[in-house]
Each structure stands twice: as C-alpha cells, then as structure tokens.
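Encoded as structure tokens, the structure appears first; notes follow it.
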Amino acid sequence: MAPLVAIALALITRKVIPSLATGVIVGALVATQADFLLAGQKLLGFTYAIVTAQDKILICLFSLLVAGTVGVMGRAGGTRALVQKVEVFAKGRRGAMTASWLAGGLVFFDDYANCLVVGSAMGPVVDRFRVSRAKLAYIVDATAAPVASLALVSTWIGYEVSMIADNMPIEANGFNIFLSALPYRFYCILTLFFVGAIALTGRDFGPMLAAEQHAVKFPAEPEPGASKNPRPTYVSLAAVPIAVLVLGTFALMFRAGWVALGDQAWGSGPFTIIAQVEDPYTPMFYGSLASFSIAVVMALGSRQLDLTETWRGAW
C-alpha cells in the first residue's frame, strides 16, 4: 500500500520528496496496525515502532550524512581535484580510458557521485584523445556500482548491513557477515577486472567498436562554455573527510570489539576484533558524523564555500 500511495502522489503532485515522506508514514501506520489494536492508542503504537527501529534510524542517518559529505566535497571541488590527480595517466587513447577507470576507483564512497564526478571530469579528457562518450559511459557505469558495493564504507553499506541483519535466522553482526561475503561478489570483482582489461588493451567489438571508430574519425568539439581556468581547489577537501569516514568508523568498531573481547583481544587480528561488535550501527553513525563535520569545516575554512553554498551542497 505504501508504494502505491507514494507513486500515486508523485504522479499527481509531481513532487517526489513529500510523496515519499507520505509513503513512509503510511507504511509505518500499516506496519504498526496490530499495536494500534492492542494498545488502543494510535500514538502509542507509532511511538513503539519508532523506538524499536533505533538501528534503522542510525542506518538512515549514516546514509544521509555520507550523502551530505559527498555533496559538500563535490560542491567545494575536492572530489574533482581528487579525480584530476589520475589525469596524468591519460596519455593516448588507452591512457585516457585507464585514467577514467582509475578515477572511478577513487570515488568509492557513492555510486551516484562516482557517475557525476568522473563522467563530467573525464569527459574533456576522452574527447581530447578521441575516445567515444559511449566508451566513457560504459567505463563509468561499470565501475561506479561495483566499487561502491565492494568498499568497506560507502552509502551502500549501511542499507546492506541492515538488510543482512534483518534477514538472518539468528541474531548476527550484519557488518561481519558483509565483510565475510566480499570475496564472493563475483559480478562486481569480474566487472571491474573486465573494465580494466578493456581499457588497457583497447579491444572493442560490436556497436562499441563502431562508436570508437566514429570517434577517431570525427573527434568531438569542445563543450561550449567550458572553463579553461576553473577555480583552484584542493585534494584535501575530499581526501581528509574520506579518511575520517573510513578510518574513524573502523577505529570506533575496533574499540567496541576490543572492549567486548577484554583480555582475549591481545593477539587477535583486527577483523576478529571487529567481528565481536554487537552494535555496528553506532560506530558507523559517529564515523559519518565526524566526516560530515570535517567536510563542512574544511569547505568553510578554505573559503571554497560560504555557509549557504555548504548547506545547499549537503542538502
């Protein structure tokens, strides 16, 4: 019922966010219907649903904070500066394709940000070396999602960990199961391998071969209005928040696992210690909060953004 309400309202009002919010409320009311009947008070049932969904609230906050961090880094130019570091590898057609592939690996924290940043940043590069935009679209698309799903911390991970924990027949650490399953993500691993192999060898077939031959014969014109001297920015505006997100989250998990193991922690491996964490959601939330805070402070401190621009980027 909730999806139908959200879709119908979106079609009628043409406003996505209010429609989704209404769908969430309807879904919560339907899910807690039994509590309404038992308690006799709708407010009590709805409050009970919210309280018992603490883990999911933390996961939602984690995903929102990571997305906000990505927005601030992108608007400040940090993510673009990070991608531009791999442009030194763009020497010739194969170099341009390889640089696009490597750039996709750098933006591992969100697949949508990956597509937007790498696609826009590497577009002029592949045009210069007569690589088709179709090939760039393939490289970007086939790198973004696999990288985000294999990364130890990304906007995918919060949702995945929550789904794993909810669907286990016994109470289990969803993050630990996620880590254990990484080697078996054959599609993601092989896709990244194939993209790299195609970029390095320059071998094509079918419609892609035709697109590449056309790009060589008829090079793309420079995009109108493209700035040759964009505002200078700093890699640190992206590198530092990413480091805080990844290292901070794992440091908090390591600390929680160490406390859980007690004296047995000495001599145990880091992943063994992390596996002992009963509540991975709280460290994930605090790690994302620290990363978001650092991204905002650095964007404002470097004067790349003012307060309004920072808010718009995060939103």
Side-chain angles (χ1 to χ4, degrees), residues 1-75 107-117 119-120 137 140-142 144-149 151 153-168 174-175 177-178 185 187-188 245 280-282 284-285 287-289 291-292 308 310-315:
M1 181 176 179
L4 293 177
V5 171
I7 294 172
L9 284 177
L11 292 173
I12 295 171
T13 65
R14 298 184 181 274
K15 295 184 181 296
V16 176
I17 294 178
S19 302
L20 288 174
T22 305
V24 169
I25 294 173
V26 171
L29 294 174
V30 172
T32 57
Q33 185 177 9
D35 296 307
F36 295 160
L37 297 176
L38 292 174
Q41 296 181 0
K42 295 185 178 181
L43 180 59
L44 179 61
F46 189 73
T47 304
Y48 172 78
I50 295 298
V51 171
T52 55
Q54 179 180 354
D55 291 346
K56 291 182 174 58
I57 292 173
L58 289 175
I59 288 297
C60 288
L61 291 174
F62 166 81
S63 299
L64 289 171
L65 286 169
V66 172
T69 303
V70 171
V72 173
M73 292 190 308
R75 202 173 187 92
V107 190
F108 61 85
F109 36 84
D110 182 72
D111 56 326
Y112 294 126
N114 192 313
C115 291
L116 291 171
V117 173
S120 60
V140 170
D141 179 68
V147 164
S149 67
V153 178
S154 72
T155 50
W156 283 51
I157 304 310
Y159 178 72
E160 289 192 37
V161 169
S162 175
M163 292 296 292
I164 291 171
D166 285 348
N167 289 280
M168 289 297 294
F175 193 80
I177 297 173
F178 164 78
R185 298 199 166 195
Y187 168 78
C188 300
L245 175 65
Y281 309 111
T282 301
M284 292 170 68
F285 165 70
S288 62
L289 179 61
S291 176
F292 176 73
T308 301
T310 303
W311 166 248
R312 288 176 179 171
W315 177 255

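The CE atom of Met168 lies 8.5 Å from the CD1 atom of Ile164; values are rounded to the nearest 0.5 Å. Rounded to the nearest 0.5 Å, atoms CD1 (Ile177) and CG (Asn167) are 10.5 Å apart.
Using modelled atom types, one side-chain atom of Arg185 and one backbone atom of Ser149 make a donor-acceptor pair closer than 3.5 Å. Proximity of a side-chain donor or acceptor of Asp111 to a complementary backbone N or O of Ala148 within less than 3.5 Å is not detected.
For residues 15-28, there are no salt bridge (charged side-chain N to carboxylate O under 4.0 Å, His left out) pairs, not counting sequence neighbours.
Shortest non-hydrogen contact noted between Asn114 and Val140 is O-CG1, 4.4 Å. Ala6 and Gly23 make their closest contact through CB-CA, 4.2 Å (heavy atoms, listed as atom of the first residue, atom of the second, distance). Here the closest heavy-atom approach between residue Phe285 and residue Phe62 is recorded as N-CD1, 4.4 Å.
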Worked check of side chain to side chain contact (heavy atoms under 4.5 Å, CB included) between Leu245 and Ser288: CA-CA 6 Å; Leu245 175 65; Ser288 62; 4.1 Å; yes
Side chain to side chain contact (heavy atoms under 4.5 Å, CB included) evaluation trace for Leu58 with Met284: CA-CA 8 Å; Leu58 289 175; Met284 292 170 68; over 6 Å; no
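Atom CE of Met163 sits in a sparse spot, with 12 or fewer heavy atoms from other residues, nucleotides or ligands closer than 6.0 Å. Within a 6.0 Å sphere centred on CG of Leu11, other residues, nucleotides and ligands contribute more than 12 heavy atoms.
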Name the atoms and distances for all side-chain donor-acceptor pairs under 3.5 Å in residues 64-72, with sequence neighbours left out.
from: Thr69; atom 1: OG1; to: Leu65; atom 2: O; distance (Å): 2.8
from: Thr69; atom 1: OG1; to: Phe292; atom 2: N; distance (Å): 3.4

